[in-house]
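Everything on this sheet refers to the single structure shown next.
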Amino acid sequence: MKFFVDTADVDAIAELNELGMVDGVTTNPSLIMKSGRDILEVTKEIAGMVDGPVSAEVIATDADAMIAEGRKLAKIADNIAVKVPLTWDGLKACKVLSGEGNMVNVTLCFSANQALLAAKAGGTFISPFIGRLDDINLDGMELIADIRQIYDNYGYETQILAASIRTVNHAFQSAQIGADVMTAPPAVIKAMAKHVLTDKGLEAFLKDAETAGIKIV
Ligand code: G3P
């Protein structure tokens with residue numbers, strides 16, 4: 001499974017990147033706002049740090065303006081994936097931008113039918129938002145499973161990018177269902193390393209090492 005990091009915080013990306021945990025990065029206008037930086041400048045820096053796709057999102061809402069913004073974003077670096085919202089105009093922009101050879105990430109997906117349209121429009125990635133469905137008492141994981149089944153039924157190559165991941169359980173279940181990629185905040189990726197029995201076991205081992213006077217270097 002590929003791991004994308006859902007942040008525009010370059011320090012957090014660098015830390016995970018050193019461990020080989022970063023196959024790509026996703027950003028959105030809210031994450032750019034949080035970084036406090038200029039979108040073009042921070043996106044360029046991120047794209048230079050990682051080899052994989054870096055999603056940068058358009059802010060226009062009509063297709064022609066999205067296409068113009070997408071072309072500008074795509075010029076930042078070869079590994080930019082232009083992110084467009086899953087609206088009718090977003091699908092039009094997806095078709096044109098992907099036809100020009102750009103990676104396109106179709107975002108704000110909340111239904112399997114939307115995901116089917118994104119695949120037909122040539123999307124490189126489809127981003128179903130798990131956490132936001134859970135927020136309204138729907139099952140985000142069911143959506144991932146439905147899209148997996150539909151894409152596999154017809155051999156669509158659009159990659160399922162499980163997004164709006166808020167918990168380690170979201171990460172585990174996305175992997176179990178077979179999402180191609182998950183994008184998660186750095187804190188969720190780091191939390192995946194945690195287990196109470198690991199901490200407890202380590203504490204006991206260290207106590208015994210001290211009692212036995214074990215020294216290695
Ligand atoms: O990947 C999309 C993500 O940034 C949205 O996450 O937690 O704002 O729903 P969230």
Side-chain angles (χ1 to χ4, degrees), residues 1-13 15-17 21-37 39 42-43 46-47 49-50 52-59 61 66 69-70 73 79-87 90-91 93-94 103-112 114-115 118-119 123-148 158-175 177-192:
M1 184 188 220
K2 282 180 274 185
F3 280 14
F4 289 179
V5 193
D6 199 29
T7 185
D9 177 340
V10 291
D11 293 334
I13 295 167
E15 185 190 358
L16 290 166
N17 204 23
M21 298 289 177
V22 182
D23 300 304
V25 175
T26 49
T27 66
N28 60 36
S30 306
L31 293 170
I32 296 292
M33 183 188 73
K34 215 168 154 190
S35 78
R37 295 182 58 184
I39 181 171
V42 73
T43 304
I46 294 169
M49 294 169 69
V50 301
V54 174
S55 290
E57 187 161 344
V58 301
I59 49 167
T61 53
M66 279 191 222
E69 288 182 355
L73 292 171
N79 56 339
I80 296 296
V82 179
K83 213 170 174 189
V84 298
L86 213 158
T87 57
L91 291 170
C94 174
M103 290 186 282
V104 180
N105 177 356
V106 187
T107 190
L108 289 167
C109 170
F110 295 97
S111 81
Q114 287 182 316
T124 316
F125 302 103
I126 182 68
S127 290
F129 275 31
I130 299 169
R132 292 190 192 185
L133 283 169
D134 288 1
D135 285 345
I136 58 162
N137 285 329
L138 293 173
D139 187 349
M141 281 307 152
E142 221 169 75
L143 175 59
I144 302 290
D146 287 345
I147 300 171
R148 178 77 283 154
T158 301
Q159 296 179 51
I160 301 173
L161 201 177
S164 183
I165 284 192
R166 311 259 180 82
T167 66
V168 290
N169 225 24
H170 282 156
F172 160 66
Q173 288 177 294
S174 297
I177 290 168
D180 301 284
V181 194
M182 71 151 189
T183 188
V188 172
I189 295 176
K190 289 176 87 171
M192 290 167 73

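Whatever order the structure lists ligands and atoms in, that order sets their numbers, starting from 1.
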request  = Look only at the side chain of Ser164 and the backbone of Arg132, and say whether a donor-acceptor pair between them is shorter than 3.5 Å.
outcome  =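 Side chain of Ser164 to backbone of Arg132, a donor-acceptor pair under 3.5 Å: yes, one is there.
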inquiry  = Out of Met182, Arg132, Glu57, Arg166, who is nearest to atom 5 (C) of ligand 1 when you count heavy atoms only?
reply    =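 Looking at heavy atoms only, the winner is Arg132.
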key: Within reach of ligand 1, part of Asn28 (heavy-atom separation under 4.0 Å)   = side chain
inquiry  = Give me the nearest non-hydrogen protein atom to atom 2 (C) of ligand 1 as residue plus atom name, then the distance to 0.1 Å.
reply    = Phe129 CZ, 3.4 Å
query = In the protein, which heavy atom is nearest to atom 6 (O) of ligand 1, and how far is it?
reply = Ser164 CA, 3.5 Å
request  = Could you point out which residue of Thr107, Asn105, Asp6 forms a side chain to side chain donor-acceptor pair (under 3.5 Å) with Ser127?
outcome  =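 The side chain to side chain donor-acceptor pair (under 3.5 Å) with Ser127 is passed solely by Asn105 among Thr107, Asn105, Asp6.
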inquiry  = If you count heavy atoms of other groups shown closer than 6.0 angstrom to CG of Leu138, is the number above 12?
reply    =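 Yes - once you tally the heavy atoms of other residues, nucleotides and ligands closer than 6.0 Å, there are more than 12.
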task = Take every heavy atom of Thr183, measure it against each atom of ligand 1, and state whether any distance is under 4.0 Å.
result =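 Distance cut 4.0 Å: Thr183 passes for ligand 1.
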query = Between Gln114 and Phe110, which heavy-atom pair has the shortest distance, and what is it?
reply =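 Residues Gln114 and Phe110, closest heavy atoms: OE1-N, 2.6 Å.
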Asp6-ligand 1 polar pair, N/O distance under 3.5 Å = yes
task = Carefully, step by step, assess Asp134 and Arg166 under the rule salt bridge (Lys or Arg N to Asp or Glu O under 4.0 Å).
result = CA-CA 10 Å; Asp134 288 1; Arg166 311 259 180 82; over 6 Å; no
